[in-house]
Amino acid sequence: MKAVELEKAYNPKDFEDRIYQYWRDGGYFKPKSGNEKPFVIVMPPPNVTGILHMGHALNNQLQDTLIRYYRMNGRPTLWVPGTDHAGIATQNVVERQLAKKGLHRQTIGREAFIEETWKVKEHHHDIIVRQLEKIGCSCDWDRERFTMDEGLSRAVRESFVRLYEKGLIYRGNYLVNYCTHCGTALADDEVDYQLVEGRLYQVAYPFKDGSGEITVATTRPETMFGDVAVAVNPLDERYTALIGKELILPLTNKAIPIIADSYVDMEFGTGMVKITPAHDPNDWEVGKRHDLPTPNILNPDGTLNEEVPVAYRHMDVLTARKAVIADLTANGFLKGSSRHDHDVGHCYRCHTMIEPYVSEQWFVSMRSMADKALQAWKDEHISFYAKRWENTYSHWLENIRDWCISRQLWWGHRIPVWYCKDCGHMMVLRDDPTACTKCSSSNIEQESDVLDTWFSSWLWPFSTLGWPDDTEDLKTFFPTSTLVTGYDIIFFWVSRMIMAALEFLGEVPFKDIYITGLVRDKQGRKMSKSLGNGIDPLDVVDSYGADAMKFTLCYMAAQGQDILVDLESFKLGSRFANKIWNATRFLLMNLEGRNLVTVKQEDYSVFDRWMYHQANQAAAKVTAAIESYRFNDAAQAVYDLFWNDFCDWYVEAVKYMLNRSEDNEKDRIISVTLDLLAYQMKLLHPFLSFITEEIYQKLPNTEGSVIQASYPVWEHSLDSPNDLNKVSLLQDVVKSIRTVRAEMHIAPEKRIRVVLRPDRDFQEASFFFQQKDLIAYFIGASELVIDVSHESEVAKTLPVAGHGFESFVFVRQAIDVEREIEKLQTELHKNIQSLESVRKKLSNEQFLSNAKPEAIEKEHSKKSEFEEKIEKGQRHLKLLQAL
RNA sequence: GGGGGGUUAGCUCAGUGGGAGAGCUCCUGCCUUACAAGCAGGCUGUCGUGGGUUCAAAUCCCUCACCCCCCA
């Protein structure tokens with residue numbers, strides 16, 4: 001057989017794109033048919049106009065790891081990709097583009113605007129797909145969906161109509177969060193609260209009857225034109241007598257009453273609060289309780305409207321605030337002000353300050369659905385990883401509020417409601433009507449608002465599979481298995497999907513929910529555009545390859561923990577991939593002139609059995625880790641196996657043995673080694689997909705592709721603790737001598753003489769004989785004596801204690817006796833202390849009667865171990881003192 | 001105000017009841033022809049504080065301190 005040549009350096013660019021194309025062309029991402037339980041993930045759809053950031057990379061790579069693992073495990077495996085139309089965000093993107101051309105959506109009209117948006121969507125969509133391909137996602141592109149495609153739009157309509165018919169959707173005038181920049185209402189959870197520096201103003205409101213004045217405290221004096229009352233706490237004795245009296249609003253002639261409401265905090269400000277129901281959520285509640293009017297003082301663009309005195313009309317809120325303060329001051333109403341920082345809501349898309357704003361909106365009544373979702377959790381139909389997120393989930397559902405689903409946007413699913421302009425009839429329909437269903441007039445008009453984007457995303461786990469039709473995909477792949485997402489959308493998305501699935505299909509949409517950490521920079525800060533501390537996943541792929549990124553992220557993905565990285569962090573994965581590449585390169589070089597043979601297990605060497613044992617153990621660890629979503633443990637297990645066991649010991653031993661063996665033995669060695677290599681390529685594939693495929697296909701002992709190979713599982717026949725013991729012993733011998741060499745500064749090329757003396761009763765003494773030459777090779781010995789009879793002359797050597805053996809190194813250089821004695825004494829002291837604590841435990845009645853038998857057994861073996869070490873230490877000390 | 005998380009080696013973090021770990025950094029020596037993206041060896045810890053439970057606590061419970069997040 002000819003040697004297989006690998007490029008000298010690992011260069012992922014040489015093969016990653018090619019391999020991805022190979023997988024796609026081969027249809028490897030499609031679910032195989034079979035009776036096993038399918039493993040299904042729906043990808044959280046990225047915003048179609050966004051760009052993938054490290055969070056997406058982490059998220060999708062963990063999904064890919066799961067998918068590849070279960071695919072190799074033989075389950076029909078489906079990963080559904082797709083994108084989200086992201087109403088507000090996308091509309092903002094398109095509006096910005098129009099603005100550059102001096103255009104505004106109002107000037108080009110709704111239809112043209114939507115047409116333009118589709119074009120932008122197509123363009124961005126292709127970028128996103130390329131990014132997902134670049135990082136190696138093995139999702140089924142033939143099943144890719146978009147939240148606004150035909151099928152999903154039908155699902156949205158169906159769900160809207162069903163909820164409406166059930167009485168769970170209603171329309172009405174309510175106080176909502178309104179973004180004056182985006183020009184739309186937002187749901188409660190779409191508002192981000194940020195601490196804003198502000199002032200608390202003390203404003204005097206005179207009594208109508210001229211009997212003096214009271215003082216209210218407010219952070220928003222400009223909303224005073226919307227005041228309809230001043231409230232005090234009914235328990236506040238200072239003001240009890242004032243309840244019911246009337247006040248005059250400064251700068252206007254409006255009279256408002258003093259009312260009592262327990263909402264008022266007596267400690268805050270003056271204990272008197274102005275009530276502005278149309279512009280404050282708490283005041284809205286107070287207003288409802290007291291049946292107060294709700295004058296709206298704002299236009300949709302955030303300027304003051306006709307409700308306020310002429311002087312302030314058309315001013316924006318902040319300008320009006322300044323003007324009002326100036327006028328209050330000038331007229332003596334302002335009694336003072338103080339620094340007051342408070343949380344102010346901001347739009348989660350454009351970060352504009354939110355205005356609480358009364359308007360007509362559509363809502364979903366959530367209580368009944370939330371209760372079902374809570375019950376599903378209590379019944380353990382869903383599990384969160386890490387578990388603590390279940391608190392977040394249940395707390396939100398317990399305190400759920402109705403969901404405002406109408407948005408004053410153009411890009412999105414238009415609400416399927418039509419109004420007859422002739423008879424006023426309102427129609428909620430699955431299909432577009434041509435005439436009024438009541439009076440047959442064709443003079444009808446569709447509701448102009450669109451639906452919240454989440455109103456389509458919450459259907460994602462089943463709308464992507466064909467719902468509302470009863471498709472084969474839906475029957476086969478729903479409910480899905482696992483959802484992988486970030487904690488920031490547990491409210492927006494996760495809990496709503498669970499509610500929707502329970503509502504429309506009567507089942508939870510997935511069993512497990514893995515919540516990823518946030519990817520942060522090395523200082524622990526969120527990655528953001530404004531800080532400029534973000535890392536582009538494509539830069540990582542460009543610098544180190546997709547495998548390096550994927551492996552590093554898995555390695556760092558400890559459950560429930562955020563991940564702190566910079567570009568350099570990905571060297572971890574890159575170095576590992578390089579190591580794999582080079583180890584393979586070395587082994588393939590050694591194929592020259594070899595014949596591959598089938599080696600029976602009984603022909604394995606102790607090293608072969610040891611290596612299979614370790615690989616077998618690693619397979620068990622990976623299985624357990626992946627199935628409990630402990631990605632870091634899984635990654636560490638394969639890393640340690642390949643690097644610390646395979647490269648550092650097994651391949652090093654192979655090197656030596658290849659050199660001194662006959663052809664038949666060489667064939668045997670290389671055959672077993674390649675088998676172990678192929679085994680590890682399979683084990684590594686979910687973590688380093690490209691390089692393992694590239695190598696697997698180059699190996700002469702494999703067929704097909706690793707992506708569809710069977711994943712290694714723990715097998716009893718490979719379990720070999722005896723060989724683990726033996727090789728560990730050999731490693732102990734080698735390491736202890738290497739330490740001496742390093743500490744004594746013995747030059748690497750310098751051969752040494754060593755006497756290796758097994759303890760008299762030591763079971764594995766014969767193993768030293770068998771491996772004598774290999775040990776000598778590993779420690780650079782010219783002469784290694786296995787001194788079973790304890791008769792070798794060891795005076796003037798450096799003694800080294802081991803567990804079950806001791807070694808004596810002939811050092812030509814002068815031994816620094818003082819230093820060696822000191823080291824031994826320190827060691828001896830430690831061992832004596834350890835022995836003392838073990839003895840204490842073993843003489844403790846409580847310990848002996850309470851501790852587990854294994855724990856007691858352990859202490860006994862520790863005792864003899866320390867005794868052995870102490871005995872050897874004392875003897876070695878004497879030897880050294882005699883020098 | 002309510003809830004959650006964190007505090008372990010210089011840095012970033014694993015480790016959930018029985019002898020303190022990894023990666024990176026650092027130090028020493030090596031270009032031993034698979035890999036210097038490497039090899040061999042080494043240093044470093046009152047496991048935040050104080051208490052409790054236990055034969056036994058980094059690990060379970062409580063207190064406090066500091067940091068981070070979410071909700072209101």
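Hydrogens, waters and symmetry mates play no part in the numbers below; they use all other heavy atoms, side chains included. Convention: sequence-line order gives letters A, B, ...; per-chain numbering from 1.
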For A:Phe570, give me all partners under ring pair (Phe, Tyr, Trp, His ring centres under 6.0 Å), at least two apart in sequence or on another chain.
none
State whether a side-chain donor-acceptor pair under 3.5 Å links A:Ser569 with A:Asp566.
yes
Listed partners of A:Gln825 passing side-chain hydrogen bond (donor to acceptor under 3.5 Å, both in side chains), at least two apart:
none
For A:Thr584, give me all partners under side-chain hydrogen bond (donor to acceptor under 3.5 Å, both in side chains), at least two apart in sequence or on another chain.
none
Scan residues 727-747 of chain A for pairs that pass salt bridge (charged side-chain N to carboxylate O under 4.0 Å, His left out), counting only residues two or more places apart or in two chains.
A:Glu743-A:Lys823
B:rU46 and B:rG41: how far apart are their P atoms, nearest whole angstrom?
27 Å
Integer-rounded Å distance: B:rC69 P and A:Arg388 CZ:
14 Å
Whole Å only: how far is the CD1 atom of A:Ile752 from the C1' atom of B:rU32?
15 Å
With sequence neighbours left out, which residue pairs that include part of residues 632-648 of chain A fulfil the salt bridge (charged side-chain N to carboxylate O under 4.0 Å, His left out) condition?
A:Arg630-A:Asp633
Rounding to the closest angstrom, what is the interatomic distance between B:rC55 and B:rC60 at atom C1'?
16 Å
Sequence neighbours excluded, the answer for side-chain hydrogen bond (donor to acceptor under 3.5 Å, both in side chains) partners of A:Lys872 is A:Asp759, A:Glu868
P-based separation of B:rA58 from B:rG18 [nearest Å]:
10 Å
Work out how far the P atom of B:rC27 is from that of B:rC62, and round it to whole angstrom.
45 Å
Report the residues that fulfil side-chain hydrogen bond (donor to acceptor under 3.5 Å, both in side chains) with A:Asn59, sequence neighbours left out, ordered by chain and then residue number.
A:Gln63
On a whole-Å scale, what distance lies between the C1' atoms belonging to B:rG15 and B:rA20?
9 Å
Look for any protein N or O under 3.5 Å of an N or O in nucleotides 33-36 of chain B and output each such pair with its distance, or none.
unit_1	atom_1	unit_2	atom_2	d
B:rA34	O3'	A:Arg585	NH2	3.2
B:rA34	O2'	A:Asn582	OD1	2.6
B:rA34	O2'	A:Arg585	NH2	3.2
B:rA34	N7	A:Lys655	NZ	3.1
B:rA34	N6	A:Glu652	OE2	2.9
B:rA34	N3	A:Asn582	O	3.1
B:rA34	N3	A:Ala583	N	3.1
B:rC35	O4'	A:Asn582	OD1	3.1
B:rC35	O4'	A:Asn582	ND2	3.4
B:rC35	O2'	A:Asn578	ND2	2.9
B:rC35	O2	A:Lys579	NZ	3.1
B:rC35	N3	A:Lys579	NZ	2.8

Which whole-number value in Å describes the distance from A:Ile490 CD1 to B:rC69 P?
16 Å
When the distance from CD of A:Glu398 to C1' of B:rG4 is rounded to whole Å, what number comes out?
15 Å
Would you please name every residue forming a salt bridge (Lys or Arg N to Asp or Glu O under 4.0 Å) with A:Arg594, sequence neighbours left out?
A:Asp663, A:Asp667
How many whole angstroms separate atom CZ of A:Phe642 from atom C1' of B:rG38?
14 Å
note: A:Asp562, atom CG; B:rC70, atom C1'; distance rounded to Å ~ 13 Å
Looking only at B:rC71, B:rG41, B:rG5, the nucleotide nearest the A:Lys735 side chain is B:rG41
Which pairs, protein N/O on one side and nucleotides 15-18 of chain B N/O on the other, fall under 3.5 Å?
unit_1	atom_1	unit_2	atom_2	d
B:rG15	OP1	A:Arg630	NH2	3.1
B:rG18	O6	A:Lys852	N	3.3

Determine whether more than 12 heavy atoms belonging to other residues, nucleotides or ligands lie under 6.0 Å from atom NZ of A:Lys621.
no
For A:Tyr544, ring pair (Phe, Tyr, Trp, His ring centres under 6.0 Å) partners two or more places apart
none
Which of the following nucleotides, B:rU28, B:rC69, B:rC71, is nearest to the side chain of A:His745?
B:rU28
At under 4.0 Å between heavy atoms, how does the protein contact nucleotides 22-27 of chain B? Give one character per nucleotide, 5' to 3', with B, S or -.
SSS---
